[in-house]
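Data block below; observations after.
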Amino acid sequence: MAAALADCGAVDDGQPAVLGCRLPMETDYRDFWEFPYSESLKSGLLATFIQARAVLAWFRHLEATGVRAEDVTIVPRSDAGTAIETIGGVCGSAVVGKAREVERAVYQVVGSLVPPKEESLAKDVTGTYRPFDAIEKFSIRSLMAGSNSGHDLVPLVILDDAHCLHPAQFRAVGHWLARRELRIARWVITRFDILQPAEALAAVAEERSERKDFPGLSASRDVEVVMLQSNGPRKAQRIAFRRMARDMAGRYLQKHPLLGPRQLVILGDLLEEEPATIAPSEVRLLSGRVDAAQRKLKVADNRRREFEEGIESFRRGGEVIPEDLGLAMLGILMHRYAKRRKDQGTLFENDDPEPSRPVVANAGVYEAARLHLLHHFDRPFYYGIDALCDASSENAELFLQLSAVLVDTLETQVIRSKRSTLTAAVQHRLLREHAARIIDTWSFPCVEQVRRMVKALAAKCVAVTLQPNGWLTPNAFGIPQAEYDQLGSNNPEVARVLQFAVAYNALLVVPHYECKQKEWCLLELAGPVNLAHGLTLMRGGFIEGRVRDIAAMIEEPPA
Amino acid sequence: MISNRRWDPCIYHRGDPADAFLQEYLSIPDRRVLLIAGAGFDPRSTRVAQAVVASAADRVRALLIREERPDPSPSLVKLADANHARLIELIPSSEVQRIAVFASDDAVVGGRSAARLISTVSLADVSDVFVDVSALSIGVAFPVINYLHTTISRSDTPCNLHVVCCDDPQLDRGIQSKCAATAAAIHGFRGEWGLDSKSRAAILWMPLLSAGKGEALRRIFQALQNVQKDTVVCPILPFPASNPRASDELIEEFSQELQIAWQVDARDLVYAHEGRPLDLYRTILKIDEKRRRIFESVGGSQIILSPLGSKALSLGALMAALDRPFTILYVESIGYSLGAQMAGRVDSATSGELVHIWLHGDVYGSSYATERGRT
C-alpha cells in the first residue's frame, strides 16, 4: 500500500502529499436543479456549495490529524488576484470561517420549502465564492515537531455518486472541473445512471481509444475516464478476479473472530469440491432412460460401447467421471450421434452408420451433462471456489455477499463442533437461495422490466440447455451489433431498461463478439441470474435474437 | 410550569370521538373548509372526505393530489381512478393536481413539487384546512403540512390547521412498497443534516420499525454510517398495538439488524402506542431534551427520524420534527403493490379509525399566532 501511494505521488518521503476529501453527491446537490432560476445561476449555486463543503472537509480532515486551522496557510495560485480575498484570505481559520458562512447561506436556500426570489439571494451564494480558482495548495506549519518549514499538500476533491445529479448538472460540473487552470486534483465517480441510455450503452461498447469529445472539452486530453465495469480481455479478467477474490477472502477470514484463530483462512480449502452424486435409485432411473434412448434412436451396441470407452478415458481435473455423470454424458452423445447420422443420406441399410462429424466426450458434453443432472435430479452444480468467483461476475461486492452466506453457515458448523468445510450440496443450495433473494430484492428504476427480461432470457437459455443433445449451454442473448448500436434512437425503451440492467449488474454487455462471420453484441446474464435459473457459468454460449424479442420480453403481460 | 413543547397540551381525537368532533365542529355554519387529500389507490382515500362532506357539504372545497410514479401497476391505477371519481362525486368543486414523485432522471422531487403547489393555493376565504394523509405518502404529505403550518402560524389571517387520517395499521402493513436507490431527507425536514456545524454532533437514529421496510431502513442506516460510523440506533416499536404480538414479530423480523448491524442494546428500544401519535411525539422530545444537555459541550446532538410504517404513528414523528429541528430521513417508494391479504380489502373504504390532530389555530390561543416558524 505504501509503495502504491508513493508511486502515485500521494506520499512523498514518508509524508502525505495530498489532502483529499470525498463529497457524496447523493445528499442535497441535485435539489438546485429544481429551482426556478436560470441555468447559470443554478450551476453557480451548486459550484458554490461544492466548493464550500470541500474546503470544510479538507480542514475537518486536517483537524482529525491534529492540525489546527490556524496552522494552515493557503498558497494561492499566481493568477488568483482578488479571488483570494473572496475566500477569506490565506489564513486557515479565516478560510474556514468564510466557508462555514457560505455553506450555511446556500443551505438555507436549498432547504427552504419554497425557493426564495432570485433577487433576494445573497452575493456569497451566487458565484463570487470560488476557492477552487484561488487555491494552489495548502501549507502546514509544524506538521513535524521541531520543524519551522511548511509542509505542502495538494488538495484533491472527490465527487462521489455523481449520478445523483441531474444529467445537465453533471455535464456542467464536468465542464467546470475540466478547466485546465484549476490546480486542485478532482475526481468524479458515477454510475451509468447519469448517462442517457444511448450514451450508457455506447460507453459499455466503445473502444477506449475512441472517446467522444464534448464541445470545448477534449475527453482524451482533459478527462481521464476509468471504467470500473469489466473491460478488456475477458479470460484474463476472470483469472485475475479469481486470484484477487481468493486474496480478499483470505484477508477477511484472517480477521474473522471465530475462523481466524482456528487458521480456517483459505476459503478454497473450506469449500469442498468433491461432487455429490445422485441417489442409487435415481442412477437406476437414469440408466433406464439411457437404455430407452438407445432403443428409440437405434444406436448400435458397438457404437454405445465406443461412447462408453470415450467417457471412461475422459478426465476432468485428472478425475474419473462418476457413474451418474457418465450416464448423462452417454445420453447426450447418443442424441448427438442420432442427429449427425440422420443428416447423412445412405443408399444401403446400415445398422451402425458413421456420423457426419465425430461424436466424442469433451468438455462441452461434460458441462451439458452436469446441467442436465442439475435440472432433472437437482445434482449440485455450483460449488468450489472457482464457481463462487465466476458466479460473482467479476464484482467484488457480489463476491463478498455470496461468500458471506457460505462463511456464516460455516461459522455455525464450527460453533456446533461439526466439520469445518461445506459440502458441495450445501454450497449449491446456499448460493442458489441467496441468488434468488438478491433478484427478489433488486430495487432500482425499471426493476420490473429488468426482472421480466432476465427471467425470459433465462427461460430461453434453460430450454436450449436442456435439449437432449446438449448442443449448447447458453447464458447470453446475442443481438446483431448494428441493432445494438442503434438502440438509443430506434428503441429508447429497451435502451433504458438495458441501461439499468447493466448499471445494477443484472446483465453484462459483451460487444463486438464475432461468431458465424457476424458481429454480435451479447447480453450476458449476471452471476446471480445464472445461479437462480441453473445456467452455466462458462462464457460464450448464446442464443441468437433480435431487439424486438427483448422488447416483447419487457412488455407487461396482460392482467 | 410552562412547557417548551409546542403541542403540550394538544387537541387530539381518535375513533368515535374524532367522528363526533368533526360532525359537531363542521356543523358550525361559518366553517369554510379546504380539504387537501390524496386521490390514490389507498382504500382509505375517501374516508375523511365522507366525514367532512357529511357536515359541511356546501362549505368545503378540496385539493386532490394524485401522486404519480413511474410504471404503476394497472390494477392500482384502476383503484386510484375509482377513488378519484368517488372523491369528485363527493366534492364536485374539487381541484385535482397530479404530482410526479420522480423527475425524468429518477430524482425524488415530489415533496418540493407539493410544497410549490400548496404555495399557490389561496387561504383567504378558508377558516379550516384539513390535510388528510390517509392516501398521501410521507414524502408529499410532510412538506405540505410543514408549509401550511409555517405559513398559517406566521400569517395574521386566522386559520385552523388540522391533520386527519384513517388509521389502519393492518392495511399499512399490507401495502408493500419498492424503495428507491437512495435515502434522503424529506423536503423541509433537513434539520441541519450535512452542515459542517453538525459534523461533530452525536447522531441518534430513531427508525420506526415496520414490517417489510427492512430494505429501506438498511439504506438509511448505510447513509448514516457514511457520515458517522458509530451512529447510535434507538428503534421505535409499536406497543401497545392492534396486534399484541406486533413488537415481538418486528424484533424477530429485524433480529439481524438489531443484533449485528445496528448493535442495539435492549434498553435502547423505544415503545410508542401504535394508535397515539402524541405518545411518540412526547417520547422523542423527552429523549431530545436529555441528550441536548449531555452532548451540548461535545458537538451537540442530532436526532434523525425515519417514520416508515403506520400512518398515525408517523404523525407523532412529524409533530416532533415540526417542533424541533430534527431530520427526517426516508427512502421514497418507486412503486407499490397490495399484499395478497389485502386483495379482499381494497373496497372496504370504511375500515380503520379516524385520527384527528388540531395543529394550529383558535384553540391554542393568540400566543401561538406569533410562535416561531421554521423552514
Side-chain angles (χ1 to χ4, degrees), chain A residues 22-31 33-36 49 52-53 55-57 59-60 63 96 99-100 103-104 106-116 160-161 163-170 191 193-194 196 408 440-449 500 503-504 556 558-559, chain B residues 70-71 73-75 78 102-109 111-120 143-144 146-151 177-185 187-197 199-200 214-216 218-219 223 226-227 256 331 333-335 337 374-375:
Chain A
R22 170 186 163 271
L23 301 181
M25 293 287 105
E26 62 190 8
T27 50
D28 14 36
Y29 301 90
R30 166 63 178 74
D31 288 345
W33 189 253
E34 294 305 308
F35 291 157
F49 207 31
R53 283 199 160 165
V55 169
L56 291 169
F59 277 94
R60 250 198 328 270
E63 194 188 338
V96 173
R100 278 205 186 112
E103 188 206 22
R104 187 166 281 278
V106 185
Y107 194 86
Q108 275 174 357
V109 176
V110 79
S112 56
L113 274 162
V114 179
D160 199 0
D161 293 328
H163 52 267
C164 294
L165 297 173
H166 188 276
Q169 277 181 311
F170 179 76
R191 270 186 181 170
D193 306 30
I194 192 70
Q196 291 298 314
D408 283 351
D440 279 348
T441 53
W442 275 347
S443 183
F444 48 81
C446 299
V447 68
E448 286 308 325
Q449 290 97 318
F500 286 109
Y504 292 87
E556 189 171 9
Chain B
D71 310 312
S73 152
S75 56
K78 206 171 150 191
F102 291 90
S104 58
D105 62 331
D106 299 307
V108 179
V109 294
R112 196 171 277 278
S113 304
R116 200 161 44 225
L117 168 69
I118 297 301
S119 71
T120 62
V144 167
N146 192 357
Y147 179 83
L148 288 167
H149 183 254
T150 308
T151 311
S177 61
K178 283 168 272 181
C179 53
T182 49
H187 180 54
F189 292 90
R190 283 167 205 272
E192 304 193 335
W193 169 249
L195 264 185
D196 183 64
S197 56
S199 61
R200 288 174 58 230
E215 189 56 34
R218 273 190 287 277
R219 285 180 193 196
N226 289 342
V227 175
Q256 287 282 318
V331 178
S333 300
I334 51 175
S337 59
R374 61 184 295 276
T375 55

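Every chain is numbered from 1, with letters handed out A, B, ... down the list of sequences. Reckoned from all heavy atoms, side chains included, excluding hydrogens, waters and symmetry mates.
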Determine the option with the most heavy-atom pairs under 4.5 angstrom with chain A, choosing from B/Ser113, B/Ala107, B/Ala180, B/Ala185.
B/Ala107

One option among B/Ser104, B/Ser73, B/Ser199, B/Ala103 has the most heavy-atom pairs under 4.5 Å with chain A, and it is B/Ser199

For A/Arg104 and B/Ser197 the tightest heavy-atom approach is NH2-OG, 3.0 Å

Decide if atom CD of B/Gln256 counts as having more than 12 heavy atoms of other residues, nucleotides or ligands within a radius under 6.0 Å.
no

Note: vs chain A, highest number of non-hydrogen pairs under 4.5 angstrom among B/Asp196, B/Val109, B/Asn226, B/Val227 is B/Asp196

I'd like to know which of A/Arg22, A/Arg60, A/Arg100, A/Glu448 tops the heavy-atom pair count under 4.5 Å against chain B.
A/Arg60

How close do A/Tyr29 and A/Pro24 get, heavy atom to heavy atom, and via which atoms?
CE1-O, 3.4 Å

Under a 4.0 Å threshold between the charged nitrogen and the carboxylate oxygen, would B/Asp71 count as salt-bridged to B/Lys178?
no

A/Phe35 versus chain B, heavy atoms under 4.5 Å apart: side chain, backbone, both or neither?
side chain

When A/Val447, A/Asp161, A/Leu56, A/Val96 are compared by non-hydrogen pairs under 4.5 Å with chain B, the top option:
A/Leu56

Which heavy atom of B/Trp193 sits nearest to which heavy atom of A/Arg53, and what is that distance?
O-NH2, 4.4 Å

For B/Leu195, is it the side chain, the backbone, both or neither that has a heavy atom under 4.5 Å from a heavy atom of chain A?
both

Identify which of B/Glu192, B/Glu215, B/Arg200 forms the greatest number of heavy-atom pairs closer than 4.5 Å to chain A.
B/Glu192

Closer than 3.5 angstrom, by distance alone: can the side chain of A/Glu34 be matched with the main-chain N or O of B/Arg112 as a donor-acceptor pair?
no

